[in-house]
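The structure appears right after this line, and notes come after that.
Just so it is clear, the model here is predicted, and its values are computed rather than measured. For ligands, and for the atoms within them, numbers begin at 1 and follow the listed sequence.
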Amino acid sequence: MRKVYLDNNATTPLCPQVVRAMLPYLKTHFGNASSIHAFGREAKTAIESSREKVAGLLNCHPEEIYFTSGGTESDNLALKGVAFANRDKGRHLITSSIEHHAVLESCHFLETQGFEVTYLPVDRSGVVSPEDLRKAIREDTVLVSIMHGNNEVGTIQPIAELSKTARDAGVYFHSDTVQSTGKLKIDVEEMGIDLLSLSAHKLYGPKGVGAIYVRSGTRITPLFHGGHHERNYRAGTENVAGIVGLGAAIEICSKEIDAEYRYLMDLSISFYEGLKEKIPDILLNGDFENRLPGTLNISFKGVEAEAVILSLDLEGVAVASGSACTSGSAEPSHVLEAMGVAPELARSAVRFSFGRFNTKKDVDYVLKALPPIIERLRAMSPVESLNR
Ligand SMILES: *Cc1c(COP(=O)(O)O)cnc(C)c1O
């Protein structure tokens, strides 16, 4: 049976060149980067080379990049780190209602620690309004955190406009760019970003490694205390092989970014056109144009997303409902809810996320497998029979 992986927003396969770059650091180059002997220096050099690659992609200085264990840690460090370091200025933060749980749960934690958080609404396609942000900023606001590309629906936020609103008011601006790094051009200067989170396993690198960009001069308190790693921002012996993998993955993305954008956009468009042709009553959640090129979130009226996922799984096709973190729970997606998608349509929403290794053959295969599944599920559905 053919295997088709359309869940690249949950995680991506490792790129073979990335594996090749990492292997020596799992075998012979095992030194601790803090050691001053040759083994240590070799590891240290590799880490600094990765730091330069990440900085090159984001247009910042290498000293403004700190390696972490991934997107979740970077988000936690940005939110809690800035909140705790700037308590003398104020205790108010602003975010959006469609953020990843790493941001939302950090905010919920901060609320138990005496901080106040404003959760901005989004419009029907999932966009935050800069005007809403301007109105929410207060004298005591210390941080605004708005993601770049949404992991569930792919909608892209007007980051430059939002950050200008924040920074004109003297407020730090953080963006979770875990889904957009390597897929969309990111320039922290042009986009006015003070802090940014990224993760290797969303861009064909290994799991358990990521980075945070912190603009020099930003006041931030570390989460981990221990050795002097990462210039005291992140204690703990560096994940050298992982960091090398992140650097290699970033390097490939930098080279391919335009071609890959076009490739994924074309692939997802041909999939969407095909679906519309073959299956009636489907609805795109999010924006058709203003989205991550590989992400399509589609509601199939009258069916449960879980049933679609399990049926596709039997055909060798991997897709998701809502975000990976909420699968297995019956909770409707907080993102679709914030966008005003009706609960029954939200429950029928399936996320197809394409990646570098998908082909037109994959698209054709799913376009053949899916229509009979939807037809069968609709015929069985009590909701649908009531409607008829
Ligand atoms: C995957 C993801 C994260 C979490 O990153 P990890 O490296 O898996 O911890 C954070 N934000 C967004 C938008 C994501 O898609």
Side-chain angles (χ1 to χ4, degrees), residues 5-14 18 50 54 65-81 95-109 122 126-128 145-157 159 162 174-184 186 193 195-213 223-224 234 236 239 241-243 245-247 249-250 253 264 286 291-297 318-327 333-336 338-339 351-355:
Y5 184 76
L6 295 185
D7 200 8
N8 287 275
N9 285 17
T11 194
T12 51
L14 268 169
V18 171
S50 279
V54 177
I65 298 296
Y66 304 88
F67 294 112
T68 66
S69 64
T72 300
E73 187 188 330
S74 295
D75 283 343
N76 272 264
L77 177 54
L79 285 136
K80 296 178 197 171
T95 188
S96 83
S97 40
I98 61 158
E99 297 297 314
H100 189 271
H101 288 293
V103 166
L104 290 178
E105 292 303 321
S106 293
C107 287
H108 293 156
F109 169 73
V122 293
V127 178
V128 176
S145 177
I146 312 273
M147 75 198 313
H148 190 200
N150 181 269
N151 46 305
E152 292 190 35
V153 294
T155 303
I156 298 163
Q157 303 299 330
I159 294 298
L162 293 164
H174 166 253
S175 188
D176 174 337
T177 69
V178 170
Q179 287 293 343
S180 57
T181 304
K183 297 177 198 159
L184 307 176
I186 295 178
I193 294 171
L195 304 107
L196 171 159
S197 308
L198 64 87
S199 176
H201 78 98
K202 303 289 175 76
L203 44 89
Y204 314 98
K207 290 167 187 64
V209 61
I212 183 171
Y213 155 75
L223 297 180
F224 292 4
R234 206 278 185 179
N239 172 3
I243 291 170
L246 171 59
I250 290 263
C253 288
L264 291 178
R291 66 177 166 94
L292 295 167
T295 308
L296 283 176
N297 187 304
V319 299
S321 73
S323 69
C325 314
T326 52
S327 69
S333 139
H334 68 286
V335 174
L336 296 178
M339 287 162 58
R351 180 185 70 186
F352 303 88
S353 49
F354 294 84

Ligand-residue contact atoms, ligand 1 with S199, heavy atoms, under 4.0 Å:
6 (P), 7 (O)

Candidate list V335, N151, V178, test side chain to side chain contact (heavy atoms under 4.5 Å, CB included), partner H100, passing option:
N151

Are any side-chain N or O atoms of S197 and backbone N or O atoms of D176, one a donor and one an acceptor, separated by less than 3.5 Å?
no

Is there a polar contact, in the sense of an N or O pair closer than 3.5 Å, between N151 and ligand 1?
no

Among all protein heavy atoms in this structure, tell me which lies nearest to atom 11 (N) of ligand 1, with the distance rounded to 0.1 Å.
D176 OD2, 2.6 Å

Using a 4.0 Å heavy-atom cut-off, say whether K202 meets ligand 1 through its side chain, its backbone, both or neither.
side chain

Candidate list L196, T68, I65, test side chain to side chain contact (heavy atoms under 4.5 Å, CB included), partner I212, passing option:
T68

What part of K207, side chain from CB on, backbone N/CA/C/O, both or neither, has a heavy atom under 4.0 Å from ligand 1?
neither

Do S97 and H334 get their side chains close enough for a donor-acceptor pair, meaning under 3.5 Å?
no

Under a 4.0 angstrom heavy-atom cut-off, which atoms of ligand 1 come close to M147?
13 (C)

Which heavy atom of the protein is the closest neighbour of atom 4 (C) of ligand 1, given with residue, atom name and distance?
T72 OG1, 3.5 Å

Atom 8 (O) of ligand 1: the protein heavy-atom neighbour that sits closest, reported with distance to 0.1 Å:
H201 NE2, 2.8 Å

State, with a plain yes or no, whether a side-chain heavy atom of K80 is found less than 4.5 Å away from one of L223.
yes

Considering only protein heavy atoms, which is closest to atom 6 (P) of ligand 1, and at what distance to one decimal place?
G71 N, 3.5 Å

Strictly by modelled atom types, are S106 and D75 linked by a side-chain donor-acceptor pair under 3.5 Å?
no

Stepwise, does the side chain to side chain donor-acceptor pair (under 3.5 Å) test hold for H148 with S175?
CA-CA 6 Å; H148 190 200; S175 188; 5.7 Å; no

Does D75 approach ligand 1 within less than 4.0 angstrom via side chain, backbone, both or neither, non-hydrogen atoms only?
side chain

Nearest heavy-atom approach of T95 to E99 is OG1-CG, 3.1 Å

For ligand 1, which atoms, with element, lie under 4.0 Å from some heavy atom of G70?
7 (O)

What I want to know is whether N9 and ligand 1 share at least one N or O pair that is separated by under 3.5 angstrom.
no

